[in-house]
Asks: 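Okay, here's the structure, questions in a sec.
Any value given below was found using the heavy atoms of this structure, including those in side chains, with hydrogens, waters and symmetry copies removed.
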Protein chains: 2
Amino acid sequence: MDPHLLRTFVAVARLGSFSAAASELGYTQSAVSQQIAALEHDLGATLLLRRPVRPTDAGARLLEHAGPILLRLGAARADVARLSGPPSASVALQVTPLAALDAPALAAAGRSMPRVALTVGVAARDEVAAAVATGAADLGLLDGVTAPSDPLPLPDAGPLTTRTVAEEPVVVALAAGHPLAGRRSVRLADLADARWLDAPAVATPLPQLRALARAEGFRPGLTYSGSDRATLLALVAAGAGLALLPASVVAEVPAVGVAEPRLVHRTELVHGSLTAAARAFVAAWGH
Amino acid sequence: MDPHLLRTFVAVARLGSFSAAASELGYTQSAVSQQIAALEHDLGATLLLRRPVRPTDAGARLLEHAGPILLRLGAARADVARLSGPPSASVALQVTPLAALDAPALAAAGRSMPRVALTVGVAARDEVAAAVATGAADLGLLDGVTAPSDPLPLPDAGPLTTRTVAEEPVVVALAAGHPLAGRRSVRLADLADARWLDAPAVATPLPQLRALARAEGFRPGLTYSGSDRATLLALVAAGAGLALLPASVVAEVPAVGVAEPRLVHRTELVHGSLTAAARAFVAAWGH
DNA sequence: CTACCTTACGAAGGACGTAATTATT
DNA sequence: AATAATTACGTCCTTCGTAAGGTAG
């Protein structure tokens, strides 16, 4: 199961086309066809249905493995490169939208090191973690909601070092006229049948909400795919649905604390092995 | 980074010899030398020091990734095979030593299916999980200690289905004359400086204990590498050290409950996608 | 001098591109 | 008919084994 073949398989499945995958990967259509045939022969199973191109059950199963495998392979390569490569004078940082609220601390740490070029990018949590694991970023700043004693769940791409930089209560943001407005606190599970706002980039994604509440439900009323906090709050205020957010983000909108289960919103700084510049940056973070 | 090369690299590092790895893998010494050279060239780093053969820093880092990568690759292959292969009339089960306490339920489930051949093997938790992930076993029965709401931590080899079959309080087993004997309960962190019995196969391994207590310490007084419960209890009774165990296992020996953090000992039945025979077995488990 | 890793070299196999073929819409 | 995957085939590159060469203990 050559990673090369796996990469091609993933591309074909994603694009739904041999030829499109070929041009994306810089192969001929024929080469891609041969690679898929080789993979199918190796595994002894048909992985793709043709015309239209779409994964079989076995292929879908393989896809679930292929991503993590390719990610870990990249992480291994990056890890070795960091240990044996030349030190860099620049620091690449990736942050999730809400973690960017720590911008003041970030800017301060950046100012304290005038000699290093600092690059900041914004992405979803798994992407930030993947970037750090594969060395595309030196540092990640990511946020999420968990039980107080649990770490934020990250895709398993090897050992990453994690440091909590902020932790605060979570609240359910809601519209002013909502029946729950004014309540002191609620149990998350009691809100399973409420109308939720699905904003995976900014608020807690609904699948995670189900896992945290250990309950089904939490159906999306409206989906907001952007990453702007003000827009999200405006939508909540307009009654589009509930959103689980860190307390400090919710200002202009009523909110109710969550009593059960016990949850916190945490911002973590995560990195693999560091270059000297990145290490200094992490040290400077603590002021 | 061909998995083939990775496998060879792991073998060489483990055996500390190119020639030994060659004979284990069925290559000539020369082929192994060329494979390692190819891997080092690909990654642009020296991975092994020669004479004596031992990993460099970069090589050690790569080793941390190689195991999980190879495991996941095997899991992917097994998963595809299960979905497209022929149904089997036998069920292979792997259990951890303490999970074997569920033997009555196990035997009952086996008896209820006279037509299928049932194989049972005993191994450590990670090995059981790896066997299930790679398809070496259909079902795993494994045990461990965690927070009540957390699943047992398993090596990440893809999505496995998990079902709790037993859950009970944990206690610290100790010798009759121990100062703590008679106490109602203790906080785990308060025992960091006590003398512990390191019995990774039967009791909670000490590194895990440190993680659960979120404290350093828990130094081993004596290490018991066997997997026999009676021997373990005899050692505890003889004052060799403390052991964190499920309550039901501790009978002849004094024990103290753990108040903080809240912990349980859980036994879980875990499997990937199931053959018909294995599925019936799982169903029969519930009587 | 001896065990053991590396290098040289040739043969076998594998991978990719071009081009012809087949199959689906 | 047109679009798109497969097969045929030649070339190049890779990989392995045999055998010779180096090197550390």
Asks: Quickly work out the B:Phe9 CZ to C:dC5 P distance and round it to whole Å.
Replies: 15 Å
Asks: Below the 4.0 Å mark, does C:dC5 have OP1 or OP2 next to a side-chain nitrogen or oxygen of B:Ser19?
Replies: yes
Asks: Toward the 5' end of DNA chain C, which comes first, B:Val53 or A:Pro52, by nearest nucleotide?
Replies: B:Val53
Asks: From the options D:dA8, D:dG17, C:dT25, select the nucleotide whose nearest atom is closest to the side chain of A:Arg51.
Replies: C:dT25
Asks: With a 6.0 Å cut-off (strictly less than), is the heavy-atom count around CG of A:Asp57, excluding the residue itself, greater than 12?
Replies: no
Asks: For a side chain to side chain contact (heavy atoms under 4.5 Å, CB included) with B:Leu39, tell me which candidate from B:Val12, B:Leu48, B:Leu5 qualifies.
Replies: B:Leu5
Asks: Report yes if a donor N or O on one partner sits less than 3.5 Å from an acceptor N or O on the other, where the partners are the side chain of A:Arg50 and the base of D:dA5; otherwise report no.
Replies: no
Asks: Rounded to the nearest angstrom, tell me the gap between atom CD in A:Gln34 and atom P in C:dT21.
Replies: 17 Å
Asks: Is B:Gln35 close enough to D:dC16 that one of its side-chain N or O atoms is under 4.0 Å from OP1 or OP2 there?
Replies: yes
Asks: In whole Å, what is the span from the CZ atom of A:Phe18 to the P atom of D:dT7?
Replies: 11 Å
Asks: Nearest-Å distance, CD (B:Gln29) to C1' (C:dT6)?
Replies: 9 Å
Asks: If you check every side-chain atom of A:Ser30, which of D:dA5, D:dA8, D:dC16 has the closest atom?
Replies: D:dA8
Asks: Are A:Asp138 and A:His271 close enough that a side-chain donor and a side-chain acceptor fall under 3.5 Å?
Replies: no
Asks: Tell me whether A:Arg210 contacts the main-chain N or O of A:Gly217 through its side chain, where contact means a donor paired with an acceptor under 3.5 Å.
Replies: yes
Asks: Quick check on DNA chain C: between A:Ala38 and B:Ala20, whose nearest nucleotide comes earlier from the 5' end?
Replies: B:Ala20
Asks: Nearest whole Å is fine: how far is D:dT7 P from A:His41 NE2?
Replies: 12 Å
Asks: Quick one: A:Asp2 CG to D:dT15 C1', roughly how many Å, whole number?
Replies: 13 Å
